[in-house]
Amino acid sequence: QVQLVESGGGLVQAGGSLRLSCAASGRTFSSYDMGWFRQAPGKEREFVAARSRSGLSTSYANSVKGRFTISRDNAKNTVYLQMNSLKPEDTAVYYCAGGSGAYVTKTYDDWGQGTQVTVSS
């Protein structure tokens, strides 16, 4: 099992940027595919981005493609989500998640507690 702790959320104006971090501890982080998800009030949780354990493969939701970038630093056991050109509709609680093979199976075993991102218009 991997323990995940997100940070970096906050309040930002539309058009601004934020970088979320997710620090992992426990099992070998490098064996995990990692993803970011978000949940807005009254909505279901949705996929945002994922990066394979090797770092060679990435995928993004259409709504964030070209604006968000997921990266990982296996030496620091950390995955990041750089969010640029933020829009009010990006407002949500953002969660990082990890799992073996999750990039293919879409099944994530471990989740963080979430960090709030609020984008004002």
Side-chain angles (χ1 to χ4, degrees):
Q1 188 176 7
V2 173
Q3 289 76 45
L4 303 171
V5 179
E6 303 96 334
S7 61
L11 174 64
V12 64
Q13 288 188 334
S17 298
L18 281 175
R19 188 177 82 156
L20 306 183
S21 299
C22 175
S25 60
R27 266 183 72 175
T28 305
F29 172 76
S30 60
S31 70
Y32 261 31
D33 295 333
M34 299 298 297
W36 285 96
F37 293 77
R38 66 187 182 186
Q39 187 167 20
K43 295 188 177 181
E44 293 188 353
R45 185 173 63 196
E46 64 176 0
F47 168 78
V48 175
R51 194 168 187 110
S52 64
R53 63 179 184 174
S54 68
L56 296 178
S57 298
T58 57
S59 63
Y60 296 92
N62 288 334
S63 59
V64 307
K65 203 170 292 184
R67 299 187 298 122
F68 290 11
T69 302
I70 184 172
S71 61
R72 63 188 294 162
D73 186 337
N74 286 347
K76 295 183 177 180
N77 284 6
T78 303
V79 63
Y80 305 96
L81 185 68
Q82 178 67 44
M83 306 185 294
N84 298 329
S85 302
L86 282 161
K87 305 175 182 180
E89 51 263 44
D90 294 318
T91 295
V93 177
Y94 284 71
Y95 300 89
C96 73
S100 295
Y103 190 83
V104 174
T105 66
K106 316 302 182 189
T107 300
Y108 290 81
D109 301 312
D110 299 304
W111 293 80
Q113 83 289 348
T115 186
Q116 176 70 46
V117 171
T118 303
V119 184
S120 63
S121 57

If I compare all heavy atoms of [X] with all of [Y], which pair ends up nearest, and what's the gap?
{"X": "Gly35", "Y": "Tyr108", "result": "N-CE2, 3.6 Å"}
{"X": "Ala14", "Y": "Ser121", "result": "CB-CA, 4.4 Å"}
{"X": "Thr107", "Y": "Ala102", "result": "O-CB, 3.2 Å"}

Atom [atom1] of [X] and atom [atom2] of [Y]: how far apart are they, to the nearest 0.5 Å?
{"X": "Arg38", "Y": "Arg45", "atom1": "CZ", "atom2": "CZ", "answer": "13.5 Å"}
{"X": "Cys22", "Y": "Asn77", "atom1": "SG", "atom2": "CG", "answer": "10.0 Å"}
{"X": "Ile70", "Y": "Thr58", "atom1": "CD1", "atom2": "OG1", "answer": "8.0 Å"}
{"X": "Gln116", "Y": "Thr91", "atom1": "CD", "atom2": "OG1", "answer": "7.0 Å"}
{"X": "Leu81", "Y": "Arg51", "atom1": "CG", "atom2": "CZ", "answer": "11.5 Å"}
{"X": "Thr118", "Y": "Asp90", "atom1": "OG1", "atom2": "CG", "answer": "11.0 Å"}

With heavy-atom distances below 4.5 Å as the criterion, would you say the side chains of [X] and [Y] are in contact?
{"X": "Val119", "Y": "Met83", "result": "no"}
{"X": "Arg72", "Y": "Arg53", "result": "yes"}
{"X": "Tyr95", "Y": "Val48", "result": "no"}
{"X": "Tyr32", "Y": "Asp109", "result": "yes"}
{"X": "Val5", "Y": "Gln113", "result": "yes"}
{"X": "Phe29", "Y": "Met34", "result": "yes"}

Shared ILVMFWY cluster between [X] and [Y], side chains joined below 4.5 angstrom?
{"X": "Val79", "Y": "Val117", "value": "yes"}
{"X": "Leu18", "Y": "Tyr94", "value": "yes"}
{"X": "Val12", "Y": "Val93", "value": "no"}

(request) Answer yes or no: is there a donor N or O on one side and an acceptor on the other, between the side chain of Glu6 and the main chain of Leu20, under 3.5 Å? (result) no
(request) State whether the side chain of Gln82 and the backbone N or O of Arg19 hold a donor-acceptor pair below 3.5 Å, judged by distance alone. (result)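 No; judged by distance alone, with no hydrogens or angles, the pair does not exist.
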(message) Tell me if the centroids of the rings in Trp36 and Phe68 come within less than 6.0 Å of each other.
(response)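 For Trp36 and Phe68, the ring centres are not under 6.0 Å apart.
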(request) Kindly check if the number of other-residue, nucleotide or ligand heavy atoms within 6.0 Å of NZ (Lys76) is above 12? (result) no
(request) Specify whether Phe37 and Trp111 have parallel, tilted or perpendicular ring planes, treating 30° as the upper limit for parallel and 60° as the lower limit for perpendicular. (result)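 Answer is tilted, since the angle falls between 30° and 60°.
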(message) Quick one about Asp33 and Ser52 (side-chain donor to acceptor, distance below 3.5 Å, no hydrogens or angles considered), yes or no?
(response)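 No, no side-chain donor-acceptor contact under 3.5 Å.
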(message) The criterion is ring-ring contact (aromatic ring centres under 6.0 Å, His included); which residues satisfy it with Tyr80, sequence neighbours excluded?
(response)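 Counting only residues at least two positions away or on another chain, Tyr80 forms no ring-ring contact (aromatic ring centres under 6.0 Å, His included).
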